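Start at 1 with the first residue, then count along the sequence. Just so it is clear, the structure is predicted and the values come from calculations on it, not from any experiment.
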Amino acid sequence: MYSTLFVTVIATAVVLVLAAYVIAKLIGPRSYNKIKGEPYECGIPTHGSSWLPVSIGYYLFAILFLMFDIETVFLYPWAIAVKDFGVMAIASIGFFLLVLVFGLAYAWRKGALEWK
C-alpha cells in the first residue's frame, strides 16, 4: 500500500515539475541581448569585471553561522521531549552542547571568527 502511494507521489511530482518547465518554455519571453546578460549595479554602469575576489573569511563566517543556526534548531525537539525521556535526554543534549562548544572553541582558536 505504501509503495503504491510513494510511486504515485513521486510520479505526480515529476509530472508537475516537467509540466511547469514545458509551460514556461512555451509561453516565456525569448528576448536575448548583451545588455540583459550584464550584472545590475543599481543603475550605475560597471567599470571593469564584476567578478572580484572575495576573502575566504566571509565564507567561513557564513558557514559557521549556518552550522550553529541549524544546530540550535535541534534544541527545540529536545526541549519538548525532555520530560518524556528523563536522564537520557539530558545526557544526550549535554553531549550535543559539548560538541558545539568544542566546535566554537576550535573555530575561535583558529581565527575563523576574526575579520582581517
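- Nearest approach of E71 to M67, heavy atoms of both residues: CG-O, 2.7 Å.
- A107 approaches L64 most closely through the heavy-atom pair CB-CD1, 3.8 Å.
- Once rounded to the nearest 0.5 Å, the distance linking CG of L98 with CD1 of I93 reads 11.5 Å.
- Using a 4.5 Å cut-off on side-chain heavy atoms (C-beta onward), V99 and F96 make no contact.
- Cluster annotation: V17 and Y21 are assigned to distinct hydrophobic clusters (Ile/Leu/Val/Met/Phe/Trp/Tyr, side-chain heavy-atom contacts under 4.5 Å, transitive).
- Follow the hydrophobic side-chain contacts under 4.5 Å out from I70 and you reach L60 in the same cluster.
- Transitive grouping of hydrophobic side chains (ILVMFWY, heavy atoms separated by less than 4.5 Å) keeps V101 and I90 in distinct clusters.
- Between T72 and L100, every side-chain heavy-atom pair lies at or beyond the 4.5 Å cut-off.
- There is no path of hydrophobic side-chain contacts, each under 4.5 Å, that joins W108 to I63.
- Residues V73 and V82 do not share a hydrophobic cluster, clusters being chains of Ile/Leu/Val/Met/Phe/Trp/Tyr side chains in contact below 4.5 Å.
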